[in-house]
Visitor: 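Next up is a structure, given as structure tokens.
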Amino acid sequence: MEQIIVDDSEMYGALVTAQYARLHHRHHCRDDQCTSVLVKYIHAPVHLVWSLVRRFDQPQKYKPFVSRCIVHGHPEIGTLRQVNVKSGLPATTSTERLEQLDDDERILGINIIGGDHRLKNYSSILTVHPEMINGSSGTMVIESFVVDVPQGNTKDDTRYFVESLIKCNLKSLASVSERLASQDITNPIATTF
């Protein structure tokens with residue numbers, strides 16, 4: 001069963017959040033897989049947050065476990081990136097394919113297709129939505145995933161591990177975005193590849 005986890009003390013638009021999740025975050029989940037949906041509210045303009053998220057070639061701008069990313073050529077659907085992971089995680093590399101990049105709807109879809117980790121058949125969708133937060137222009141980020149449950153692990157263990165990584169990434173995205181917004185850097189971060 002897919003669940004929605006809101007990483008915030010307040011739930012702003014529960015109905016809208018559920019509608020976005022149903023519309024954009026559909027994963028076919030087999031019996032040997034687990035899935036989840038996480039939500040993060042960010043006190044920064046949507047265009048600023050999206051300009052960080054959409055950079056398939058520079059995930060290290062907000063993902064704290066990424067030390068380096070190499071993309072050959074212009075990122076487009078089907079493009080691969082080689083990601084080096086910082087020490088402390090049970091992996092050193094990941095090969096990821098860009099599946100979806102929609103600037104109008106602000107949707108990023110990625111599949112992990114290789115690497116020295118246990119996240120097999122991992123697929124992630126991340127969407128970015130404008131949201132009023134305490135009367136100010138903010139952003140709601142929704143990230144969902146589906147992944148195989150490794151042999152010897154349970155669905156709950158696998159879900160907990162992946163959710164922990166995503167929560168860390170979303171917290172870092174919020175921190176970076178809010179810091180830039182507080183410095184009045186509200187223009188999108190270089191979005192041309």
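Residue indices begin at 1 and follow the sequence shown.
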Visitor: From Lys61 NZ over to Cys69 SG, what is the distance, rounded to the nearest 0.5 angstrom?
Guide: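 If I round to the nearest 0.5 Å, the distance is 11.5 Å.
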
Visitor: Mind checking side-chain hydrogen bond (donor to acceptor under 3.5 Å, both in side chains) for Ser182 and listing every partner two or more places apart, or none if nothing turns up?
Guide: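 Counting only residues at least two positions away or on another chain, Ser182 forms no side-chain hydrogen bond (donor to acceptor under 3.5 Å, both in side chains).
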
Visitor: How far apart are the closest heavy atoms of Phe56 and Pro75, and which atoms are they?
Guide: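 Heavy atoms only, the tightest pair is CD2-CB, 4.2 Å.
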
Visitor: Roughly how far, to the nearest 0.5 Å, is the NE2 atom of His74 from the CG atom of Asp57?
Guide: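 It comes to 9.5 Å.
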
Visitor: Keeping Ser172 on the side-chain end and Cys168 on the backbone end, is there a donor-acceptor pair under 3.5 Å?
Guide: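 No; zero donor-acceptor contacts below 3.5 Å.
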
Visitor: Got a sec, which pairs hit salt bridge (Lys or Arg N to Asp or Glu O under 4.0 Å) with one end in residues 63-75, sequence neighbours left out?
Guide: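 Counting only pairs at least two positions apart or across chains, no salt bridge (Lys or Arg N to Asp or Glu O under 4.0 Å) contact touches residues 63-75.
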
Visitor: Do the side-chain N and O atoms of Ser124 and Glu143 include a donor-acceptor pair separated by under 3.5 angstrom?
Guide: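 Distance-only check passes for Ser124 and Glu143.
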
Visitor: Under 4.5 Å between any side-chain heavy atoms of Leu108 and Leu98, yes or no?
Guide: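 Sidechains of Leu98 and Leu108: in contact.
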
Visitor: Looking at Ser177 and Leu48, what are the two nearest heavy atoms and their distance?
Guide: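 Minimum heavy-atom contact is O-CD2, 3.5 Å.
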
Visitor: Are Arg179 and Gln183 close enough, and set up right, to give a side-chain contact (heavy atoms from CB on, under 4.5 Å), and what steps lead you there?
Guide: CA-CA 6 Å; Arg179 179 177 42 81; Gln183 296 171 353; 3.7 Å; yes

Visitor: Are the side chains of Leu126 and Val141 in touch, meaning some heavy atoms are under 4.5 Å apart?
Guide: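 SC-SC contact between Leu126 and Val141 confirmed.
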
Visitor: Determine, using the 4.5 Å side-chain heavy-atom cutoff (strictly less than), whether Leu52 and Leu170 are members of one ILVMFWY cluster.
Guide: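 Leu52 and Leu170: one cluster.
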
Visitor: Any link between Val37 and Val149 through a network of hydrophobic side chains (Ile, Leu, Val, Met, Phe, Trp, Tyr) touching at under 4.5 Å?
Guide: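 Different clusters: Val37 never reaches Val149 through Ile, Leu, Val, Met, Phe, Trp or Tyr contacts under 4.5 Å.
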
Visitor: A side-chain contact here means heavy atoms from C-beta on lying under 4.5 Å apart; do Tyr122 and His117 qualify?
Guide: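 When only atoms from C-beta onward are counted, His117 and Tyr122 do not touch, as no gap falls below 4.5 Å.
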
Visitor: Cluster question for you: counting only ILVMFWY and a side-chain heavy-atom cut-off of under 4.5 Å, with indirect links fine, are Phe161 and Leu38 together?
Guide: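 In one cluster with Phe161: Leu38, yes.
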
Visitor: When Val128 is tested against each of Ile107, Leu173, Val53 for side chain to side chain contact (heavy atoms under 4.5 Å, CB included), which residue passes?
Guide: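 Of Ile107, Leu173, Val53, side chain to side chain contact (heavy atoms under 4.5 Å, CB included) with Val128 is met by Val53 alone.
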
Visitor: Flag yes if Met140 and Ile133 sit in one hydrophobic cluster, no otherwise; membership is Ile, Leu, Val, Met, Phe, Trp, Tyr, and two members link when side-chain heavy atoms are under 4.5 Å apart.
Guide: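 Yes, because Met140 and Ile133 connect within a single hydrophobic cluster, where side-chain heavy atoms sit under 4.5 Å apart.
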
Visitor: Could you work out, with side-chain contact (heavy atoms from CB on, under 4.5 Å) as the rule, every residue matching Gln151, not counting sequence neighbours?
Guide: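 Checked Gln151 against side-chain contact (heavy atoms from CB on, under 4.5 Å); zero matches.
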
Visitor: What pair of heavy atoms forms the shortest contact from Ile112 to Ser94, and how long is it?
Guide: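 Ile112 and Ser94 have their closest heavy atoms at CG2-OG, 3.6 Å.
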
Visitor: For the residue pair Ile110 and Arg97, establish whether any side-chain heavy-atom pair is separated by less than 4.5 Å.
Guide: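 No - every pair of side-chain heavy atoms lies 4.5 Å or more apart.
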
Visitor: Would you say that His129 contacts Thr139 through its side chain, given a criterion of any heavy-atom pair below 4.5 Å between the two side chains?
Guide: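 No, side chains not in contact.
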
Visitor: Quick check on the hydrophobic clustering: are Leu119 and Phe65 connected, directly or via other members, by side-chain heavy-atom contacts under 4.5 Å?
Guide: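 Result: yes, single cluster for both.
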
Visitor: Hey, is the main chain of Thr35 close enough, under 3.5 Å, to the side chain of Arg159 for a donor-acceptor pair?
Guide: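 Yes, Arg159 side chain to Thr35 backbone: donor-acceptor pair under 3.5 Å.
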
Visitor: Provide the closest heavy-atom pair for Pro64 versus Asn169 in the form atom of the first, atom of the second, distance.
Guide: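 Scanning both residues completely, I find the closest heavy atoms to be CD-OD1, 3.3 Å.
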
Visitor: Taking atom types as modelled and ignoring hydrogens, do the side chains of Asn111 and Ser123 form a donor-acceptor contact shorter than 3.5 angstrom?
Guide: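 On atom types as modelled, these side chains qualify, holding a pair under 3.5 Å.
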
Visitor: Scan for salt bridge (Lys or Arg N to Asp or Glu O under 4.0 Å) pairs involving residues 72-86, sequence neighbours excluded, and state none if there are none.
Guide: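 Residue pairs with at least one partner in residues 72-86: Arg81-Glu96.
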
Visitor: Asp157: which residues meet the side-chain hydrogen bond (donor to acceptor under 3.5 Å, both in side chains) condition with it, sequence neighbours left out?
Guide: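 Once residues adjacent in sequence are excluded, the partners of Asp157 under the side-chain hydrogen bond (donor to acceptor under 3.5 Å, both in side chains) criterion are Thr154.
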
Visitor: Is it true that Ser67 and Asn84 share a donor-acceptor pair across their side chains at a distance under 3.5 Å?
Guide: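 No, no side-chain donor-acceptor pair sits under 3.5 Å.
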
Visitor: Are any non-hydrogen side-chain atoms of Val39 and Tyr41 less than 4.5 angstrom apart?
Guide: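 Heavy-atom side-chain distance check passes, below 4.5 Å.
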
Visitor: Show the nearest heavy-atom pair for residues Gln100 and Ile77, with the distance to one decimal.
Guide: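 For Gln100 versus Ile77, the nearest heavy atoms are CA-CD1, 3.6 Å.
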
Visitor: For Thr92 and Asp116, what are the C-alpha separation, side-chain angles and deciding distance, and is it a side-chain hydrogen bond (donor to acceptor under 3.5 Å, both in side chains)?
Guide: CA-CA 6 Å; Thr92 58; Asp116 63 348; 2.4 Å; yes

Visitor: Would you say that Pro130 contacts Arg106 through its side chain, given a criterion of any heavy-atom pair below 4.5 Å between the two side chains?
Guide: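 They are in side-chain contact.
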
Visitor: Roughly how far, to the nearest 0.5 Å, is the OG1 atom of Thr79 from the NE2 atom of His72?
Guide: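 It comes to 11.0 Å.
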
Visitor: Measure the OG-CD distance between Ser175 and Glu178 for me, rounded to the nearest 0.5 Å.
Guide: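 Atom-to-atom, Ser175:OG and Glu178:CD are 7.0 Å apart.
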
Visitor: For Gln33, give me all partners under side-chain contact (heavy atoms from CB on, under 4.5 Å), at least two apart in sequence or on another chain.
Guide: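 Applying side-chain contact (heavy atoms from CB on, under 4.5 Å) to Gln33 gives Cys29, Arg30, Asn121, Val146, Asp148.
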
Visitor: For Thr93 and Val85, run side-chain contact (heavy atoms from CB on, under 4.5 Å): C-alpha distance rounded to whole Å, both residues' side-chain angles, the deciding distance at 0.1 Å, then the answer.
Guide: CA-CA 6 Å; Thr93 63; Val85 180; over 6 Å; no

Visitor: Are the side chains of Asp103 and Trp50 in touch, meaning some heavy atoms are under 4.5 Å apart?
Guide: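 When only atoms from C-beta onward are counted, Trp50 and Asp103 do touch, with a gap below 4.5 Å.
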
Visitor: Test side-chain contact (heavy atoms from CB on, under 4.5 Å) on Val83 and Thr95; report intermediate values, then the result.
Guide: CA-CA 6 Å; Val83 174; Thr95 303; over 6 Å; no

